Amino acid sequence: MNHLSPIVIFLSSGAFIPGFAQSEPTDTIKSKNLDEVVVEARQQSTSAKVSRYIPDKRVKNAATNAIDLLKRMAIPQLSTAVGSDAVTTAAGEEVSLFINYLPAAQQDIYGLRTTDVKSIEYMDFPDDPRFNGAQHVVNIIVQEYEFGGYTKISDAQFVLSSTGNTAEVFSKFAYRKMVYDLYVRSQTYASVKAGNESYSTFKLPQGDARRDQTLDGDYKSYYLPVTFRAVYNTQKMTVANTLGFTFSDIYQAKYDGSLSITPAHAGDSYRSYLTQPAVSRSLVWNGDYFFILPHAWSLKVAPRLSYDRNSRYSDYRTDIPGSAPIINNAYEDILSGSLQLSSNKKFGSRHGIGITMNTSLMRNDIDYRGNAPYDSKFDSFRLNLLPSYTFSLQNLYWHIGAGFDWFHNTSNGITEDRVNPWVSTSLSYSPSNRHQIAFILNYFSDGVGGADRSTNILQTNEFLYRTGNPGLYPGNGIVSRLTYTFLPSRAFNMSVYGSYNLQEHPITTLYRLTDDGQAILTVPENNGNASTVTVGVNLTWRLLNGSLILQGSPKLDYYHRTGEYRYSHPVASAVVQASYYLRSFYFGAYYATRNRLYHLMNGAGSFYPQQYGVAAGWANESWNVSVNASNFARTSYLATKTHMSTPLFESLDLNYSGNIHAGITFNVIYTIGYGKKIQRGNEVGAQTGGASAIL
């Protein structure tokens with residue numbers, strides 16, 4: 001009797017197709033033994049709309065969270081900064097992170113069980129409304145659960161450069177159509193070395209005054225976010241609600257050191273003392289609702305509410321005879337809300353229209369106490385509307401959108417209304433799944449923060465005061481980028497890019513005489529133009545059957561500024577990284593060259609030292625144990641050197657931090673899995689509230 005025998009066909013795309021064939025009687029055709037045939041799944045491919053990457057099992061086991069996974073995968077269109085959780089495009093543009101089409105901030109994905117990741121998608125200007133109209137998107141596709149879930153427990157201990165501990169617990173539970181997430185983090189930090197040296201010259205009418213100060217301090221902080229989320233998911237709708245509370249406490253920030261002021265106190269040496277503790281509390285509710293509607297329509301609704309309470313203290317004293325303390329304390333309440341609507345309709349396979357509306361309202365109520373008591377109130381309302389059209393072929397994708405931004409701001413009784421245009425377009429062409437050429441162009445305007453509009457005047461030191469400017473207006477900006485991505489094989493990928501960013505009339509900190517020429521006041525004003533041209537390349541080689549991964553990212557930035565601060569500076573930098581996987585063990589190393597950054601706000605140039613490190617660890621699906629040594633040969637704590645020169649003020653600031661000193665981190669992660677893997681959604685983490693307007 002015939003019987004069925006299973007046959008599994010494995011396609012090069014990575015898909016499995018189960019089939020069945022009937023057994024037949026042996027025929028008389030001669031057979032021949034063939035050599036072994038190995039068909040490998042293609043782990044990277046691109047099209048005009050999306051680039052997809054499938055992580056290797058060894059990489060998923062070694063990664064500690066979603067950000068670490070992105071770093072290890074070396075996706076050519078992305079840049080992941082050394083020593084940071086920041087993820088940007090290779091040219092430095094902001095990237096929005098999603099997990100299974102739900103938005104996830106960086107801290108929201110610490111709890112991700114990386115072994116469940118199936119693939120990662122990178123997209124420019126996606127037309128799916130679930131991405132909230134984001135321009136550059138990374139969507140992490142994870143295995144789902146039918147019921148059950150997992151609990152991930154992690155602990156990281158920092159020594160040498162700083163002392164501290166980060167403990168996290170993330171738990172996910174799914175039952176039928178519901179998924180529940182709970183996230184708790186406890187982080188303590190104490191800097192071994194904190195402080196700065198400041199060498200300033202004030203060019204006053206009666207003659208130059210020089211102020212040299214050295215502050216060495218003790219910095220300790222505590223951070224506690226707690227977040228709960230519930231997600232209801234069906235084939236035609238997703239309803240997610242998130243409630244989060246965050247407590248942040250800089251409970252010790254004391255600095256003291258030497259102070260000299262000439263010519264007023266020529267030859268004299270004094271001591272100065274600075275205390276700057278701060279406490280913040282934040283309560284946030286986020287909603288995320290997606291619906292598939294009739295007639296090829298879809299709708300995304302994302303409301304948000306938050307309340308923040310901030311307390312910041314500053315007490316500066318010296319032992320100069322007759323000097324008075326400078327006390328600036330601020331107590332702030334922030335109430336903010338926003339609503340985002342995104343809708344999309346498809347017309348066949350080629351055409352689509354969409355519209356995205358964002359509206360937000362924020363109120364900052366600040367009570368200044370100390371030397372300059374003052375009550376400040378800021379109300380800001382923003383509405384932007386961006387209709388869009390998309391055209392898709394098999395190898396071509398075009399997106400164009402045009403709309404407006406309406407700003408309505410009230411700052412201590414002064415009201416401003418402004419409407420600015422917003423235009424964006426993206427065109428990508430992919431002749432095959434190995435090549436993609438993409439061009440983007442944005443014309444937009446930025447808002448103005450409440451702190452920049454403050455009319456209060458605060459004293460910083462013996463010669464320097466600062467204030468805001470209610471007359472500020474949003475400057476317009478242009479961002480353009482051309483990228484070529486080449487994915488010839490599993491062993492190699494490359495992305496070459498060039499970008500041009502222009503900021504018209506950016507908010508600039510200018511220096512003005514005050515107090516009858518006895519001191520200097522910093523005032524923000526719209527001034528000049530600032531542009532940056534960047535060219536670079538991301539290269540990745542996978543050798544020894546993927547066990548050895550080498551990455552290189554050289555780039556050249558050219559900074560140009562007009563207006564009161566004029567400069568033109570080319571800056572070359574590079575990052576190289578290597579990872580090696582041996583069964584359950586993994587090893588890594590990185591090196592980042594010295595770098596410079598020129599600040600848009602004040603024309604200052606900051607210089608950063610080189611960074612390097614090595615790591616080793618062992619991991620399986622449940623455990624991940626690692627040790628990381630960074631900057632292990634460096635004894636200096638000098639983190640940045642910043643120089644600024646203006647007609648009235650010149651300074652050199654040396655900032656010290658344990659983060660740049662030799663340091664070691666021990667990390668242990670244990671994950672308990674339970675239930676049936678069919679549904680697993682987005683990971684939830686710390687929720688952030690409104691932006692502070694304290695000056």
Side-chain angles (χ1 to χ4, degrees), residues 200-205 328 330 362 364 366 368 372 374 376-380 382 405 407-421 443-461 463-478 501-532 559-569 597-606 642-651 653 691-695:
S200 305
T201 300
F202 301 86
K203 302 173 184 179
L204 304 175
N328 293 313
M362 180 179 294
N364 299 79
I366 309 171
Y368 290 99
Y374 190 74
S376 291
K377 291 181 173 60
F378 306 100
D379 291 301
S380 61
R382 181 177 183 177
D405 257 330
F407 300 91
H408 175 80
N409 300 302
T410 302
S411 175
N412 297 319
I414 301 174
T415 300
E416 179 207 28
D417 286 279
R418 182 176 293 272
V419 178
N420 293 318
Y443 179 77
F444 61 95
S445 59
D446 284 329
V448 180
D452 291 327
R453 293 181 179 276
S454 175
T455 57
N456 197 18
I457 298 177
L458 301 180
Q459 185 176 4
T460 302
N461 59 42
F463 298 102
L464 193 63
Y465 295 77
R466 57 194 172 102
T467 189
N469 181 2
L472 293 174
Y473 57 87
N476 296 324
I478 296 175
N501 297 340
L502 171 66
Q503 186 71 40
E504 297 177 322
H505 314 304
I507 296 174
T508 307
T509 301
L510 302 181
Y511 293 80
R512 303 289 186 246
L513 291 173
T514 188
D515 193 21
D516 297 326
Q518 301 298 309
I520 291 177
L521 176 70
T522 65
V523 183
E525 296 182 13
N526 295 93
N527 183 269
N529 295 325
S531 63
T532 306
Y559 298 92
H560 180 69
R561 190 74 155 80
T562 64
E564 189 152 335
Y565 304 124
R566 295 179 177 271
Y567 57 74
S568 295
H569 298 293
L597 175 66
Y598 289 89
H599 299 273
L600 194 67
M601 284 287 294
N602 55 20
S606 291
T642 302
H643 179 261
M644 179 171 53
S645 180
T646 76
L648 292 176
F649 178 71
E650 186 172 353
S651 70
D653 290 313
S692 175
I694 295 177
L695 183 65

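For clarity, every value in this text was computed on a predicted model and none was experimentally measured. Position 1 is the first residue of the sequence; numbering continues from there.
With hydrogens and angles disregarded, no donor-acceptor distance shorter than 3.5 Å links the side chain of Asp516 to the backbone of Gln518. Panel note: side chain Thr562, backbone Asn529; a donor-acceptor pair is recorded below 3.5 Å.
The minimum heavy-atom distance between Ser651 and Asp653, with the atom names listed, is OG-OD2, 3.9 Å. Annotation for Tyr565 and Met601: closest pair CE1-O, 4.3 Å, computed over non-hydrogen atoms. Across Lys203 and Pro647, no two heavy atoms sit closer than the pair CD-O, 3.2 Å. Nearest heavy-atom pair across Ile507 and Pro524 is CG2-CB, 3.8 Å. What you find for His505 and Asn526 is that their closest heavy atoms are O-ND2, 2.9 Å. When every heavy atom of Asn412 is checked against every heavy atom of Ser376, the shortest pair comes out as OD1-CA, 3.2 Å.
To the nearest 0.5 Å, atoms OG (Ser380) and CG (Asn364) are separated by 6.5 Å. To the nearest 0.5 angstrom, Asn501 atom CG is 10.5 Å from Tyr559 atom OH. Here the OG1-CG distance, from Thr522 to Leu648, works out to 12.0 Å after rounding to the nearest 0.5 Å. Here the CG atom belonging to Leu464 is positioned 6.5 Å from the OH atom belonging to Tyr511, to the nearest 0.5 angstrom. The structure places CG of Leu472 at 8.0 Å from CD of Glu525, a figure rounded to the nearest 0.5 Å.
Side-chain polar atoms of Asn420 and Ser445 form a donor-acceptor pair below 3.5 angstrom.
Inter-residue side-chain proximity for Asn469 and Asp452 is flagged as unmet; no heavy-atom pair is nearer than 4.5 Å. In this structure, the side chains of Gln503 and Leu600 come closer than 4.5 Å at one or more pairs of heavy atoms. Counting heavy atoms from C-beta on, the side chains of Thr455 and Pro470 come closer than 4.5 Å. The shortest distance between side-chain heavy atoms of Thr646 and Glu564 does not fall below 4.5 Å. In this structure, Glu416 and Arg453 have side chains that are in contact, with non-hydrogen atoms separated by less than 4.5 Å. With a 4.5 Å cut-off on side-chain heavy atoms, Phe378 and Ser454 count as touching. Residues Leu502 and His560 have side chains not in contact (no heavy-atom distance under 4.5 Å, counting atoms from C-beta outward). Side-chain contact check for Val419 versus Asp405: every heavy-atom pair is 4.5 Å or farther apart.
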Problem - Trace of the side-chain hydrogen bond (donor to acceptor under 3.5 Å, both in side chains) decision for Tyr368 with Asn328 - result: CA-CA 7 Å; Tyr368 290 99; Asn328 293 313; over 6 Å; no
Practice task
Before giving the answer on side-chain contact (heavy atoms from CB on, under 4.5 Å), spell out for Asn409 and Arg382 the whole-Å C-alpha distance, their side-chain angles and the decisive distance to 0.1 Å.
Solution key: CA-CA 8 Å; Asn409 300 302; Arg382 181 177 183 177; over 6 Å; no
Handout entry: Verdict with reasoning, Arg561 to Thr508, per side-chain contact (heavy atoms from CB on, under 4.5 Å)
Key = CA-CA 11 Å; Arg561 190 74 155 80; Thr508 307; 2.7 Å; yes
Practice task
Give the intermediate values and the outcome of side-chain hydrogen bond (donor to acceptor under 3.5 Å, both in side chains) for residues Tyr598 and Thr532.
Solution key: CA-CA 10 Å; Tyr598 289 89; Thr532 306; over 6 Å; no
Handout entry: Worked check of side-chain contact (heavy atoms from CB on, under 4.5 Å) between Leu458 and Arg466
Key = CA-CA 5 Å; Leu458 301 180; Arg466 57 194 172 102; 3.9 Å; yes
Exercise for the section: Step by step, work out the side-chain contact (heavy atoms from CB on, under 4.5 Å) result for Leu204 and Ile520. Expected result: CA-CA 8 Å; Leu204 304 175; Ile520 291 177; 3.9 Å; yes
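In Asp417, the CG atom is crowded: over 12 heavy atoms of neighbouring residues, nucleotides or ligands sit closer than 6.0 Å.
Taking the six-membered ring where the residue is Trp, Phe649 and Phe202 present tilted rings, their angle falling between 30° and 60°.
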